[in-house]
Every structure is written in structure tokens, then in C-alpha cells.
Amino acid sequence: MPELPEVEVVRAGLAPAVTGATVISAEVRDPRALKRHLPLGADGLPGDDGLGGHGVRLPFEAGVARAADFERRVTGLVLDAPRRRGKFMWIPVERGAGDESQPGSVPIPLVERGARDESKPDQLALLAHLGMSGQMLLRAHDAPDDRHVRIRLWIEHPAHGELRLDFADQRLFGSLALDRLLPAPDGIDLIPGQALHIARDPLDPAFDDAGFLLALRRRGVGVKKLLLDQTLVSGVGNIYADEALWRARIHPETPGTAIGPRKARELLSALRDVFTQALAEGGTSFDAQYVNVNGQAGYFAHSLNAYGRQGAPCPRCGRPIVRESFMNRGSHFCPKCQQLR
DNA sequence: AAGGCTGCCTGCTTGC
DNA sequence: TGCAAGCAGGCAGCCT
């Protein structure tokens with residue numbers, strides 16, 4: 001399942017092929033992959049149709065409207081270099097020449113609602129979240145179909161020619177969207193509105209170590225839960241949370257308040273190590289769920305010490321790794337090395 | 001306010 | 001063999 005290393009591998013893989021490319025046409029095969037896409041309202045401003053958000057089934061008519069809106073507004077856009085925050089990835093876009101001449105096109109809104117500089121056009125981005133099983137696949141324009149392709153973009157790159165950018169997603173927890181870029185809370189850069197609440201990741205040079213350690217040690221809930229909280233630190237999912245906790249020898253249910261400053265720093269360092277190593281090995285693939293933009297698996301699954309290894313010996317002490325149900329998911333840890341005190 | 005719970009979804013695995 | 005239930009889990013919105 002895509003966490004920081006996997007999303008970063010995909011982002012880096014997309015960069016050379018999409019940067020500078022123009023979207024020739026778009027084809028939404030399943031509007032459920034547009035969960036995060038908010039179509040333009042009757043006033044011509046991006047609004048909320050009040051339908052089909054997270055955890056809500058998208059009504060048929062709303063799906064048709066969203067698909068049409070997305071296809072129309074994405075066509076003609078010129079793609080910039082892909083970026084990432086946590087598990088969110090986006091491609092800033094610009095309107096291509098001649099876009100306005102499209103028959104029947106409604107102008108893309110140029111201003112943000114409220115107190116913004118109304119003379120300055122809004123910057124938009126093609127936002128992607130891979131969810132559990134999302135994939136961004138770069139294919140030759142005439143390549144055979146992959147399974148579960150939900151949205152297809154035909155793009156034309158000045159150097160690489162015509163390509164297909166296919167968003168495939170078996171379980172539909174992921175989605176694409178056209179979103180607006182807004183100043184991040186710390187003012188350092190522009191990020192999509194839907195990712196404004198996402199913290200920086202531990203590999204981000206601007207990550208606030210002190211702030212994170214303070215927040216971690218102030219909260220009474222279990223430390224694994226805190227690691228999974230994307231507003232504290234981003235990019236961590238179930239796999240890397242278990243792996244970082246194993247490396248730092250911390251029981252997943254240890255309250256944040258029970259972690260000393262040294263142990264907390266050790267955990268952050270473990271998180272960075274596991275992310276860095278996984279990134280170098282191309283991410284974690286168990287089955288066909290996670291692949292890079294060429295459909296290839298990563299190798300980090302072979303380097304896992306705790307996740308998915310219940311019953312197998314702990315690489316440190318030899319005691320069998322246990323798996324406990326926690327927050328509707330599995331928690332894997334060594335009962336000897338990671339004791340709850 | 002912080003924390004807990006729910007639903008979104010498909011395909012594979014397990015159980016009867 | 002066939003069907004049903006269970007499981008995998010990120011995220012946002014709701015509730016307490």
C-alpha cells in the first residue's frame with residue numbers, strides 16, 4: 001500500500017514524462033475515482049455539489065456531472081513538475097494556448113472566493129491520492145489496457161511524444177481531482193487546498209523536528225496512532241509505523257506522554273531510516289497493489305522486520321513477532337523488544 | 001477539543 | 001462446489 005516511499009517513487013517516475021506535457025484528452029471511466037474532485041457550481045466557481053465525498057456513495061447523476069466537468073477542464077492543460085506532500089501528490093497545471101477557444105467551454109474561474117487578490121489567476125493542480133491500491137501508469141499510446149483503469153489522460157510531451165497516463169485503482173480509495181493551489185500554513189510553498197492540513201514529512205528539509213517531538217510527547221494516545229496522524233507527521237502508514245516502532249523498540253500502544261525526549265528522537269530517526277531505505281529499494285510491494293509508473297514492484301518487502309511477519313522470529317531476539325488487532329488494522333511487533341511499561 | 005467510530009471499495013482468503 | 005463472511009487499510013466527516 002502506497003505510503004511515502006511508494007508515492008515518492010511514483011512522483012519521481014512521472015516527472016520526466018509529464019513535465020511540460022499537454023493533456024490532449026481525458027476519459028473518466030469510473031466517476032468514483034473523482035471523490036475529491038469538486039465540479040464547478042452554477043456560478044462558475046468551484047463549489048461543493050454536496051455529494052459523494054468520503055464515506056458517501058456517489059449518486060449516478062453527480063458522477064456523470066463530475067466526469068464531464070473533469071474531462072472538460074483537464075483537456076488542454078499543460079503539466080508542470082509533479083510534487084508531493086505526505087501521500088498526496090499533485091501536478092501544477094497551466095492553461096495551454098488556445099484552451100479558451102474550445103467550443104462550449106466555460107471559463108475556469110480565475111479568482112478564489114473571499115479575500116484574495118482578484119486580479120491574480122488561481123493556480124490549479126491535478127491532485128492525486130493513491131489510497132490503498134491506486135497506481136499511476138505511464139503507457140505507450142497504443143499499449144494494451146491494464147486492469148482497473150478508472151481515468152485515462154492522453155498526453156503529448158515535446159520530447160517523448162504521445163503517452164497515456166492511466167490512473168488505475170482496484171479498491172477506489174484513491175482519486176484524482178482538479179484542485180486549487182493555496183499558500184501552505186507555514187507560508188513556504190503552495191499546496192492543494194485538500195492537502196492544507198497535511199504536515200510535512202520527515203524527509204522534508206523544512207520538517208519541524210522540535211514541533212513534532214513536542215506534539216508527540218504531549219498526547220496521551222498510543223504512539224502508533226500518533227504516527228498515523230497525518231497532521232502531525234505525514235507519509236506514515238501501517239507498514240512504516242510498525243517498522244519504525246520495531247527499530248526504536250517501542251510498543252505501539254505506548255502513550256505519547258510516556259515517551260522520553262531521547263526515545264522520541266530515536267523514533268523520528270528510525271522513521272527517517274526506514275523511509276530512506278525503502279525509497280532506495282523502490283518501495284514495498286506485496287502483490288500487484290503497489291507498482292511504479294512502469295508497473296514494476298519494489299523490493300523493500302524483503303527488508304521488513306515486523307510488518308506481516310507474525311509468527312516469524314524477531315530478527316533481533318528470535319522471539320516470534322505477534323500481530324494484534326488495533327484500530328481495525330494489524331499491529332505487528334516483537335513482544336520482547338517492544339514491551340509496554 | 002480530543003478521541004472514537006463509520007463508510008467508502010474490491011478481491012482474495014477462510015469457513016460452513 | 002458455492003456462497004457468505006472476514007479481512008486488508010487511508011481518509012474525512014460525524015458523533016460523543
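Reckoned from all heavy atoms, side chains included, excluding hydrogens, waters and symmetry mates. Here is how names work: the chains are called A, B, and so on, in the same order as the sequence lines, proteins then strands, and each is numbered from 1.
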**Euclidean distance, atom CZ of residue A:Phe88 to atom P of C:dG10 [Å, nearest integer]** = 13 Å
**Message:** Tell me the interatomic distance from A:Leu228, atom CG, to C:dG9, atom C1', rounded to whole angstroms.
**Reply:** 10 Å
**Prompt:** Can a donor-acceptor pair be found between the side chains of A:Ser331 and A:Lys224 at a distance below 3.5 Å?
**Reply:** yes
Just list the side-chain donor-acceptor pairs under 3.5 Å for residues 298-307 of chain A, sequence neighbours left out, or say none.
unit_1, atom_1, unit_2, atom_2, d
A:Ser303, OG, A:Glu281, OE1, 2.8

**Request:** Check the surroundings of atom NZ in A:Lys336: do more than 12 heavy atoms from other residues, nucleotides or ligands lie under 6.0 Å from it?
**Result:** no
**Asked** Between A:Gln194 (CD) and C:dC11 (C1'), how many Å, whole number?
**Response** 11 Å
**Request:** Quickly work out the A:Leu38 CG to C:dG13 P distance and round it to whole Å.
**Result:** 10 Å
**Any donor-acceptor N/O pair, A:Gln339 side chain to A:His251 backbone, under 3.5 Å** = no
**Complete:** Heavy-atom contacts, protein to nucleotides 3-10 of chain B, under 4.0 Å, summarised as B (base), S (sugar-phosphate only) or - (none) per nt, yield SS-BBBBB
**Message:** Looking at A:Glu94, I want to see if its CD is surrounded by more than 12 non-hydrogen atoms of other residues, nucleotides or ligands under 6.0 Å.
**Reply:** no
**Item:** A:Tyr240 vs C:dG9: side-chain N/O to OP1/OP2 distance below 4.0 Å
**Value:** no
**Item:** Between C:dA12 (C1') and A:Lys87 (NZ): distance, integer Å
**Value:** 13 Å
**Request:** Could you check how far CZ of A:Arg36 sits from P of C:dG10, rounded to whole Å?
**Result:** 13 Å
**Asked** For A:Gly330, which contact category applies under a 4.0 Å heavy-atom criterion: base, sugar-phosphate, or nothing?
**Response** sugar-phosphate
**Prompt:** Just by distance, with hydrogens left out, do A:Ser234 and A:Asp201 show a side-chain donor and acceptor under 3.5 Å apart?
**Reply:** no
**Message:** Between C1' on C:dG9 and CG on A:Asn238, what's the gap in Å once rounded to a whole number?
**Reply:** 7 Å
**Asked** Below 4.0 angstrom from OP1 or OP2 of C:dC11, is there any side-chain N or O of A:Gln230?
**Response** yes
**Asked** Taking CG from A:Leu130 and P from C:dG10, how many angstroms apart are they, rounded to a whole number?
**Response** 13 Å
**Prompt:** Does a side chain donor of either A:His332 or A:Asp242 reach within less than 3.5 Å of an acceptor in the other side chain?
**Reply:** yes
